Amino acid sequence: MARGKVQMRRIENPVHRQVTFCKRWMGLLKKAKELSILCDADIGVIVFSPHGKTYELATNGSVSLV
């Protein structure tokens with residue numbers, strides 16, 4: 001059975017928002033790694049959290065900001 005379409009809107013509860021951010025961040029990392037492996041591509045991902053923290057992933061080396 002398929003899930004219904006989720007309406008995109010801001011999550012008002014800060015605790016629920018942080019939990020959702022962590023879960024989606026882990027899913028994004030997983031997809032980036034899969035894409036890198038399947039397509040033999042170098043992938044770089046930079047995400048800024050609601051609290052201003054920077055998360056980065058590079059499949060080949062490190063992400064360098066110029």
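Please read all numbers here as calculations on a predicted model, not as lab measurements.
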Is it true that L29 and V19 fall in one hydrophobic cluster, defined by side-chain heavy atoms closer than 4.5 Å?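 No, no single cluster joins them.
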
Establish whether L57 and M26 are linked, either directly or via other cluster members, by ILVMFWY side-chain heavy-atom contacts under 4.5 Å.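 L57 and M26: one cluster.
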
Which residues share a salt bridge (Lys or Arg N to Asp or Glu O under 4.0 Å) with R9, sequence neighbours left out: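 With sequence neighbours excluded, R9 shows a salt bridge (Lys or Arg N to Asp or Glu O under 4.0 Å) to no residue whatsoever.
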
Heavy-atom closest contact (L28 atom, V45 atom, distance):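 Nearest pair, atom of L28 first, then V45: CD2-CG1, 3.9 Å.
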
Please identify each residue that fulfils side-chain contact (heavy atoms from CB on, under 4.5 Å) with [X], with sequence neighbours left out.
X: D40; value: none
X: I37; value: none
X: T20; value: I11, R24
X: K53; value: S49, Y55

Can you list the residues that meet the side chain to side chain donor-acceptor pair (under 3.5 Å) rule with Q7, with sequence neighbours excluded?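 If we apply the side chain to side chain donor-acceptor pair (under 3.5 Å) test to Q7, skipping adjacent residues, there are no hits.
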
According to the ring pair (Phe, Tyr, Trp, His ring centres under 6.0 Å) rule, which pairs have a member within residues 31-50, sequence neighbours left out?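 Non-adjacent pairs meeting ring pair (Phe, Tyr, Trp, His ring centres under 6.0 Å): zero.
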
With distance as the sole test, does S36 use its side chain to make a donor-acceptor pair with the main-chain N or O of I43 at under 3.5 Å?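 No.
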
